[in-house]
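Here's the structure we're looking at; comments come further down.
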Amino acid sequence: EGLIEFYDSFKDMFEFFCKNTTIHGTIRLVCSDSNRMKTAFWTLLLLASFGMLYWQFALMFSQYWAYPVVLTMSMHSEPKMFPAITICNLDPYRFELVSEHLVQLDHMAEESIAFLYGINTSASLFHMNEKNIHIKDLTSIGNLSRSSFKLSQNFSLLRMSDHNNRSGKKHSSVGFRLCNATGGNCFYKTYSSGMDAILEWYRFHYMNIMSQLPVIINISDHEEQIEDMVYSCQYDGEPCRPSDYIHFHHPVFGSCYTFNSKGTDSFWTATKPGIPYGLSLILRAEQKDHIPLLSTVAGVKVMIHNHNQTPFLEHEGFDIRPGIATTIGIQQDEVNRLGGNYGKCTTNGNDVNVKLLYNNSYTLQACLHSCFQHIMVRKCGCGYYYYPLPPGAEYCDYNKQPAWGHCFYQLYNRLRNHHLNCFDQCPKPCRESLYKVSAGTAKWPSAKSQDWIRQALRHQNGYNSTSNRSDIAKVTIFYQQLNYQSVNESPLLSENLLLSSMGSQWSLWFGSSVLSVVEMFELLVDTLVLSLLFCYQRFRSKKT
């Protein structure tokens, strides 16, 4: 009785509510009861206002549950760590363990080029007298050339003519045929450029040869030193140290070194922008032509990336031309994604269904490569040579899996066309740094300075060459400015903004507040209690 007001009728309760509530317009329902036209008009007006209010509420909630985001940009200026820099000499090794097979492949390539174009390349293209790379601690394995592996003759390069119905002209393409395990479902892997077809055909055989190398060995463990590629290295005016780089070998891009790979050494902290405070390298860009059909570019491959990140040189990076001084200015952008209901992203990759095959931090490319390799092993029975292997798998070899090429190219086309679910399973990182680069070039060394520069390199590094600026390159990588732009996702409609918008709509249509909602709730409670009381009285009167 202390909480509930008792009325003699529903009419008394409704009149009391309309005369005392803070909702605008309700008093017009009872003050003009003698004029039914006005009462009906205000009744319809209030009902229309209620309808518009809840229509606006529905729009707000539908927008809120769509979880839209808005991008906010902010500028920051502070000392930061220099990015990781990977350089490769575009000169892949000719390993001694598979040297005989590589020689045979070179002869097959020579015959194919002569068949397609009538060009004799034996004297100008292939150099069989180059020294092979010997891997230590493998004397017990012996020469794999004596194994049962044989180069397949089933993938010969062919020239095919295509008739263009629109122009009436004939266009020729070059490619090779791939069939499944039963010899059916064949298709031609063709290219309009004969050069691209020869390179792809050579790489296809090359992967089968390299799959003969034992997986457990580290093929970067050999006699080469960093001085064979990097003649000079300075950062912020100080010489680089042996702990500043790690070495690895890429099967296509050759000998590679990554500087500041971990990003934990204070030596690599960037405190000032500008060329004098960046990384300056003098590099050997000589082409020994170990495997010329794997790398047709002369120079150095450079990639700027985040720390603890696997450099995917086939997708990113740029080439440095020999005899050129290249200055590369970098500008960092940082992207922060919300994730959760607002978008698909991952913090560290632990919540991703794909098991990463790389030991470094999560990236989208690492996840896509790992996903494709898992599917490749499951569908084709072997792994793609350029990607790491899952436990218990082996690299593809057409002596063991004759149809793996047919399986691989079909899977790879499905991946490129987004028909595999790898893009659905691999989200973007929630936080990542992107580097924008701008480059300038000039001839180096100049005609007047090349003599003393070559003499200095000869005395310091044992440099010996008679070429004219065609085997060395200079690269300087620096921060253009320490300001970096941060792009952050934030909810377009947060909980606070949703409540504020609802309050604004309520005030617009009824000129009231939260307490008015409480008054309406009180009216509903009073109506329910009064209905129960009337029902109870009617029940007792009938019983009496």
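Index from 1, following the sequence.
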Problem - Thiol sulfurs of Cys430 and Cys345 closer than 2.5 Å - result: yes
Exercise for the section: Look at the SG atom of Cys380 and the SG atom of Cys396, then say if they are under 2.5 Å from each other. Expected result: no
Practice task
Could you pull out all residues at least two apart from Tyr191 that satisfy side chain to side chain donor-acceptor pair (under 3.5 Å)?
Solution key: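 Scan of Tyr191 (side chain to side chain donor-acceptor pair (under 3.5 Å), adjacent residues dropped) gives none.
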Is the backbone of [Y] close enough, under 3.5 Å, to the side chain of [X] for a donor and an acceptor to pair up by distance?
X	Y	answer
Ser232	Ile282	no
Ser449	Pro445	no
Ser370	Leu357	yes
Thr258	Ser261	no
Asp265	Phe267	yes
Asn336	Glu489	no

Practice task
With side-chain contact (heavy atoms from CB on, under 4.5 Å) as the test, would you mind laying out the steps for Phe176 and Asn154 before giving the verdict?
Solution key: CA-CA 9 Å; Phe176 50 99; Asn154 297 328; over 6 Å; no
So, [X] versus [Y]: side-chain donor-acceptor pair below 3.5 Å or not?
X	Y	answer
Asn483	His76	no
Gln212	Asp397	yes
Gln401	Glu394	yes
His101	Ser99	no
Thr269	Ser266	no
Asn360	Asn308	no
Gln485	Glu334	no

Exercise for the section: Walk me through it: do Cys256 and Cys88 pass the test disulfide bond (SG atoms under 2.5 Å apart)? Expected result: CA-CA 4 Å; Cys256 301; Cys88 299; 1.9 Å; yes
Exercise for the section: Assign the ring pair Trp201 / His205 to parallel, tilted or perpendicular, where the plane angle (0 to 90°) is split at 30° and 60°. Expected result: perpendicular
Exercise for the section: Cation-pi check, Lys474 to Tyr231: give yes when NZ or CZ is under 6.0 Å from the six-membered ring centre and within 45° of the ring axis, no otherwise. Expected result: no
Problem - Arg337 NZ/CZ over Tyr342 ring centroid, <6.0 Å and within 45° of normal - result: no
For residues 271-280, which side-chain N or O atoms pair as donor and acceptor with protein atoms under 3.5 Å away, sequence neighbours left out?
none

Pairwise distance [atom1]([X]) to [atom2]([Y]) - rounded to 0.5 angstrom:
X	Y	atom1	atom2	answer
Glu238	Asp244	CD	CG	11.0 Å
Asn89	Ser255	CG	OG	5.0 Å
Ile198	Leu116	CD1	CG	5.5 Å
Asn208	Phe155	CG	CZ	7.5 Å
Asn306	Met81	CG	CE	12.5 Å
Ile324	Ile472	CD1	CD1	11.0 Å

Practice task
Could you tell me whether Glu200 and Lys189 have a side-chain N and a carboxylate O separated by less than 4.0 Å?
Solution key: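 A salt bridge is absent here (no side-chain N lies under 4.0 Å from a carboxylate O).
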Practice task
State plainly whether the residues Asp333 and Lys436 are in salt-bridge range, i.e. N to O under 4.0 Å.
Solution key: yes
Problem - Over 12 foreign heavy atoms within 6.0 Å of CG, Asn417 - result: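 Yes, because the 6.0 Å sphere around CG of Asn417 holds more than 12 heavy atoms from other groups.
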Problem - Flag if over 12 foreign heavy atoms under 6.0 Å of NZ, Lys379 - result: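 It does not: Lys379 NZ has 12 such atoms or fewer within range.
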Tell me if the aromatic rings of [X] and [Y] count as close, with their centers under 6.0 Å from one another.
X	Y	result
Tyr387	Tyr384	yes
His369	His315	yes
Phe204	Phe408	no
Trp404	Tyr398	no
Tyr484	Tyr435	no

Handout entry: Minimum side-chain heavy-atom gap Asn488-Val335 below 4.5 Å
Key =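 The answer is no; the side chains never approach within 4.5 Å.
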Practice task
Heavy atoms only: give me the nearest Trp444-Ala473 pair and the separation to one decimal.
Solution key: CZ3-C, 4.1 Å
Exercise for the section: Identify the residue among Val70, Leu338, Asn496, Asn341 that makes a side-chain contact (heavy atoms from CB on, under 4.5 Å) with Pro491. Expected result: Leu338
